[in-house]
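No experiment lies behind these values; they were computed from the predicted model shown.
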Amino acid sequence: MLSGLYAFPLTPLDEQQLHLGAFTQIISQLSAAKIDGICVAGSTGSYACLNREERALLVKLAVEAAQGTPVMVGIGANRQRDVLQHLYDAQHAGASSVLLAPLSYQPLSDREVFGLYETVSQASSVPVCVYVNPRTTHFDFSDELLTQIARLPNIASIKLPGIAAEQCEANRVAQYWRGLLPERVTLGVSGDAHAWAAIAGGFDIWYSVLAGLYPAISQALFRSAQAETEEINRQLEPVWQLFRQHGSLRVVAAMAHLAGITPCDGLPRPLQPVADNVLTDIQAVMALLRW
C-alpha cells in the first residue's frame with residue numbers, strides 16, 4: 001500500500017537543458033533521508049513541460065539514485081497515447097508506482113476520464129495514484145466518479161488537495177471517503193499547509209512539495225501529526241504563508257537556488273521566478289528556520 005511521506009522534488013532545468021547533476025544529487029539526498037517514497041515528474045517536477053525522452057531519462061536516473069527507495073512517476077499528458085508511453089517508460093525503468101492527473105486541452109467528461117483511468121489501470125503492472133488537482137487540470141472529480149475509478153484494478157491511492165485546515169474536519173473527510181473507497185486504496189493529501197491536519201485526522205500519506213527539498217523537517221512534521229502535536233506545524237507557518245501567496249513551486253525553486261542546490265531558478269518558461277522583494281522574504285524565512 002502507498003502510505004507515509006512521499007517527496008516531490010524539483011526538476012532543475014532551464015530553456016536549454018535539464019541539470020541532471022543537481023537532479024541526481026536531490027534524489028540521493030532524499031534516499032539518504034529514508035523517506036517512504038519519491039515522486040519524480042510530478043507537478044513540482046514540471047512534468048507537463050517535459051517531452052518523452054526527458055521524462056524517461058529522469059525516471060532512469062531517479063531509480064538508480066534512489067537506491068531502493070520507491071519511485072513514483074508522473075505520467076499525465078494531454079493524449080492517452082502519450083500517457084501509455086510514459087507508463088511504459090516508467091515501468092521499464094523500474095518505477096514502483098505512477099501518478100496520473102487527467103489533462104486535456106478540451107474539457108473532459110466523466111465518461112472520458114473514467115475511460116482514461118480504466119485503460120491505464122489495465123495496462124499498468126504497478127500501483128496507480130489518482131491525482132485530484134482541479135486548479136491545474138480544470139477537471140473536478142465528482143464523488144461518484146472517484147469512487148468508480150477507485151474500484152478499478154491497480155488503483156492504489158487518491159491524492160486529494162488540501163481541503164481541511166483543522167484535524168476534526170480532516171477526520172470527517174477521511175471517514176467519509178473510507179466509507180466509499182475500497183480498503184486497498186489509501187487516502188493521500190497534497191497542499192503542504194493542510195498536511196498536519198490531514199495526517200492527524202487519519203489520512204494515510206502526505207504527497208509533499210517541501211519534503212522534496214527538506215525531507216528531515218517534513219518527516220518530523222509527519223511524525224508530529226501522527227502524535228497529534230502541532231508545534232512543528234506552527235513553526236512552519238511562515239513557509240505555508242509563502243506557499244499560499246506565491247505558489248509552492250516558485251517558492252521551493254527559489255529556496256533551492258538560494259541554498260545552492262540548483263544552478264538556476266529552475267522554472268520552465270513562461271514561468272518566472274519570484275520578484276526580488278519576495279526573494280528577500282524567502283531568505284528571511286530560511287534564516288528564521290536555519291535552512
Side-chain angles (χ1 to χ4, degrees), residues 6-33 38-66 71-79 82-83 85-86 89-90 93 95 99 101 103 105 131 133 135-137 190 192 207-215 239 242-243 245-286 291:
Y6 268 60
F8 279 59
L10 296 160
T11 300
L13 51 77
D14 57 37
E15 292 305 278
Q16 285 72 48
Q17 63 179 318
L18 304 178
H19 294 281
L20 299 176
F23 175 75
T24 54
Q25 181 181 3
I26 290 170
I27 302 301
S28 296
Q29 291 173 344
L30 294 176
S31 175
I38 302 166
C39 182
V40 299
S43 293
T44 310
S46 303
Y47 74 98
C49 303
L50 304 175
N51 62 34
R52 181 182 182 183
E53 291 73 22
E54 289 170 328
R55 292 207 215 183
L57 178 57
L58 290 176
V59 179
K60 178 179 179 295
L61 293 175
V63 170
E64 292 172 355
V71 173
M72 176 182 281
V73 179
I75 60 170
N78 280 321
R79 189 172 178 182
D82 298 333
V83 172
Q85 289 174 343
H86 297 318
D89 293 339
L99 173 70
L103 302 184
Y105 179 78
Y131 189 3
N133 188 1
R135 181 179 177 184
T136 298
T137 64
S190 58
D192 285 7
Y207 295 107
S208 172
V209 174
L210 185 66
L213 200 58
Y214 295 109
V239 179
L242 288 171
F243 281 11
Q245 290 179 329
H246 309 292
S248 59
L249 172 58
R250 288 182 176 87
V251 173
V252 295
M255 287 178 168
H257 195 200
L258 287 169
I261 296 169
T262 57
C264 59
D265 65 62
L267 295 174
R269 299 297 183 259
L271 294 183
Q272 295 286 336
V274 296
D276 288 345
N277 64 313
V278 178
L279 199 63
T280 300
D281 293 340
I282 293 172
Q283 285 178 305
V285 169
M286 292 174 70
W291 289 355

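Side-chain atoms of Ser31 do not come within 3.5 Å of backbone N or O of Ile27 as any donor-acceptor pair. A donor-acceptor pair is defined here as one N or O able to donate and one able to accept, closer than 3.5 Å; such a pair exists between the side chain of Arg269 and the backbone of Leu267.
Scored by the side-chain contact (heavy atoms from CB on, under 4.5 Å) test, Leu57 finds Leu20, Leu61 as partners (sequence neighbours excluded). Under the side-chain contact (heavy atoms from CB on, under 4.5 Å) criterion, Asp14 pairs with Gln16, Gln17, His19, Cys264, sequence neighbours left out. Looking at residues two or more places apart in sequence or on another chain, you find a ring pair (Phe, Tyr, Trp, His ring centres under 6.0 Å) between Tyr214 and Trp291. Partners of Gln25 according to the side-chain contact (heavy atoms from CB on, under 4.5 Å) rule, which considers only residues two or more places apart in sequence or in another chain, are Gln29. Looking at residues two or more places apart in sequence or on another chain, you find a side-chain contact (heavy atoms from CB on, under 4.5 Å) between Ala93 and Val59.
In terms of heavy atoms, Ala48 sits closest to Arg55 at CA-NH2, 4.4 Å. Contact between Gly45 and Thr11 at its shortest, heavy atoms only, is O-OG1, 2.8 Å. Leu13 approaches Pro268 most closely through the heavy-atom pair CD1-N, 3.5 Å. Of all the heavy atoms in Ala77 and Val83, the pair that sits closest is N-CG2, 3.6 Å. Here the closest non-hydrogen pair linking Gly21 and Thr24 is O-OG1, 3.0 Å. The two residues Gly212 and Ala7 make their nearest non-hydrogen contact at N-CB, 3.7 Å.
Each side-chain hydrogen bond (donor to acceptor under 3.5 Å, both in side chains) pair with one or both residues in residues 43-54, not counting sequence neighbours, appears once here: Ser43-Tyr131, Arg52-Asp89.
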If you apply the rule side chain to side chain contact (heavy atoms under 4.5 Å, CB included), what do you find for Val239 with Val285, and how did you get there?
CA-CA 7 Å; Val239 179; Val285 169; 3.9 Å; yes
From CA spacing to verdict: side chain to side chain contact (heavy atoms under 4.5 Å, CB included), Val251, Val209
CA-CA 10 Å; Val251 173; Val209 174; over 6 Å; no
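In this structure, CG in Asp192 is found 5.5 Å from CZ in Phe243, a value given to the nearest 0.5 Å. Rounded to the nearest 0.5 angstrom, His86 NE2 and Leu50 CG are separated by 9.0 Å. Interatomic distance, Ile261 CD1 to Leu213 CG, rounded to the nearest 0.5 Å: 4.5 Å. Atoms CG and CG, from Asp265 and Leu258 in turn, are 11.0 Å apart once rounded to the nearest 0.5 Å. A distance of 15.0 Å separates CE of Met255 from CZ of Arg250, quoted to the nearest 0.5 Å.
Around atom CZ of Arg135, no more than 12 heavy atoms belonging to other residues, nucleotides or ligands sit under 6.0 Å away.
Partner of Leu99 under the side-chain contact (heavy atoms from CB on, under 4.5 Å) criterion, chosen from Tyr6, Phe8, Tyr207: Phe8.
Between Ile26 and Pro12 there is a side-chain heavy-atom pair separated by less than 4.5 Å.
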